[in-house]
Amino acid sequence: TRDSIMIFWITGLESYGEWALIIGFVLKLGLFPTHFWVPRVFANLHYGGIFIVGAVQKVFMICAVPIMYESWSCSSAVYLSALASAVYGPIAMFNSNDVKTFLAYSSVNNTGLMVICNMVSTTLLGIYAFVYVISMMFLVLIFSSYNGESILGIGTSLPEFYNASFLSIAISFSGFPPFTDFCLKFLVLMSCAENSMWVVVCGVLMSGFINLLVWIWVLIVNTRTFNALNTNINVSLYSKVLNASCVPRAATT
């Protein structure tokens, strides 16, 4: 991205510079089809790093994309990539076997949706980014206590006193009404419909439906094994606060 900015401002090759800049943004945001680095990086990060790379860092990057609004072709390329990411992310989540890869494709999905929000208004982006960052923070805090790697082992390896918090956050991430993330995606759909962006509306609906199926699958395969751990555990104050905070956060509308 830095090199493309140099090309754009120094050499005066505006068209080439714009496309180089857009490719740099799409690559660094991990949007489809340049998302290949996201699961590989996530697999080698601790959960704190996943939160920074997968949520916080991308918000600032997305805010820089509007400098290309003057070029219709470049803007269209970015938003087509964002729409493809929003649909592809949940599909790839179905094929994920470990938690970090699952979170990587969830990040691809939500990054695409945030770019779409930015296309509508910066206010909508701010609302979506705030809710997503907070949700992601709680999710990675829970998974930081997870002793395994497999999606199928969450029910047996996640400490038992985090069951309620994980269930509430997972249901919220699924977009199941009336939880927070459902209200957020409904706001995105309404905003796109008001702007007659019907292709985007269809893409977001498809993305939301697949995402709902993915999280329902995760809950079904793990709920049966919840409470399989020894419940005689000394729960710290931190764990009690985290567990108690997740439930009202997920249900806030």
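- With hydrogens and angles ignored, the 3.5 Å screen pairs no side-chain donor or acceptor of Lys100 with any backbone N or O of Asn44.
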Point to revise | Test side chain to side chain contact (heavy atoms under 4.5 Å, CB included) applied to Phe51 and Leu141, step by step | key: CA-CA 9 Å; Phe51 172 67; Leu141 284 174; over 6 Å; no

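- Taking 4.5 Å as the limit, some side-chain heavy atom of Met114 sits within range of a side-chain heavy atom of Leu125.
- Here the shortest heavy-atom pairing between Ser96 and Ile151 reads O-CG1, 4.1 Å.
- When all heavy atoms of Leu219 and Phe166 are compared, the pair lying nearest together is CD2-CE2, 4.3 Å.
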Check your understanding: Where do Ser107 and Asn110 land on the side chain to side chain donor-acceptor pair (under 3.5 Å) test, with the steps shown first?
Key -> CA-CA 5 Å; Ser107 175; Asn110 284 281; over 6 Å; no

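- Taking each heavy atom of Ser144 and Tyr47 in turn, the nearest pair found is CA-CD1, 3.8 Å.
- A pairwise comparison of heavy atoms in Asn109 and Gly89 identifies CB-CA, 4.1 Å as the closest pair.
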What pairs of donor and acceptor atoms, side-chain ones from residues 191-206 against any protein atom, are under 3.5 angstrom apart with sequence neighbours left out?
residue: Ser191; atom: OG; partner: Leu187; partner atom: O; Å: 2.9
residue: Asn195; atom: ND2; partner: Ser191; partner atom: O; Å: 2.7

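- Note on Leu212 and Val221: same hydrophobic cluster, where clusters join Ile, Leu, Val, Met, Phe, Trp and Tyr whose side-chain heavy atoms are under 4.5 Å apart, directly or indirectly.
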Practice item. Just do the side chain to side chain contact (heavy atoms under 4.5 Å, CB included) check on Phe25 and Val78 with the steps written out, would you? Key: CA-CA 9 Å; Phe25 274 124; Val78 171; 6.0 Å; no

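- Transitive grouping of hydrophobic side chains (ILVMFWY, heavy atoms separated by less than 4.5 Å) brings Ile216 and Leu167 into a common cluster.
- Separation of atoms CZ (Arg40) and CG (Leu45) is listed at 14.0 Å; rounding is to 0.5 Å.
- Contact detail for Val188 and Cys117: the closest heavy-atom pair is CG2-SG, 3.6 Å.
- Taking a 6.0 Å sphere around CZ of Phe36, one finds it holds more than 12 heavy atoms contributed by other residues, nucleotides or ligands.
- At least one side-chain heavy atom of Met136 sits less than 4.5 Å from a side-chain heavy atom of Ile50.
- Neither Phe182 nor Phe173 shares a network with the other; the hydrophobic side chains, linked directly or stepwise wherever heavy atoms of I, L, V, M, F, W or Y lie under 4.5 Å apart, form separate groups for each.
- For Phe94, the CZ atom is densely surrounded, since the number of other residues' heavy atoms within 6.0 Å is greater than 12.
- The line from CG of Asp98 to CD of Glu149 is 6.5 Å long, rounded to the nearest 0.5 Å.
- Proximity of a side-chain donor or acceptor of Ser85 to a complementary backbone N or O of Phe32 within less than 3.5 Å is detected.
- The shortest distance between side-chain heavy atoms of Ile171 and Ser168 does not fall below 4.5 Å.
- A donor-acceptor pair shorter than 3.5 Å cannot be found between the side chains of Lys28 and Thr34.
- With Ser174 contributing its side chain and Phe176 its backbone, the two residues share a donor-acceptor pair below 3.5 Å.
- Clustering ILVMFWY residues whenever any of their side-chain heavy atoms sit less than 4.5 angstrom apart, transitively, puts Phe186 in a cluster other than the one holding Phe179.
- Using a 3.5 Å distance cut-off with no hydrogens or angles, the side chains of Asp181 and Ser172 do pair a donor with an acceptor.
- Rounded to the nearest 0.5 Å, atoms CG (Leu124) and CG (Asn118) are 9.0 Å apart.
- Between Trp215 and Phe102, the distance separating the two ring centers is shorter than 6.0 angstrom.
- Note that CE of Met93 is 11.0 Å distant from CG of Leu213, once rounded to the nearest 0.5 Å.
- Counting only heavy atoms from C-beta outward, the side chains of Leu29 and Val108 never approach each other to under 4.5 Å.
- Heavy atoms only, all atoms of each residue included: Pro39 and Ala104 are closest at CA-CB, 3.6 Å.
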Exercise for review: Report the C-alpha distance between Tyr79 and Leu83 in whole Å, list the side-chain angles of each, state the deciding distance to 0.1 Å, and finish with yes or no for side chain to side chain contact (heavy atoms under 4.5 Å, CB included).
Suggested key: CA-CA 6 Å; Tyr79 295 125; Leu83 190 58; over 6 Å; no

Review point. Are Val53 and Phe42 close enough, and set up right, to give a side chain to side chain contact (heavy atoms under 4.5 Å, CB included), and what steps lead you there?
Key: CA-CA 8 Å; Val53 175; Phe42 274 41; 3.9 Å; yes

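- Of the inter-residue distances, the one linking Ile210 atom CD1 with Ile91 atom CD1 reads 4.0 Å to the nearest 0.5 angstrom.
- Residues Lys185 and Asn211 meet the side-chain proximity criterion, which asks for heavy atoms closer than 4.5 Å.
- Tracing side-chain contacts under 4.5 Å through hydrophobic residues (I, L, V, M, F, W, Y), one never reaches Leu27 starting from Leu80; they form parts of separate clusters.
- Ser135 places a side-chain N or O within 3.5 Å of a backbone atom of Val131 that can act as its donor or acceptor partner.
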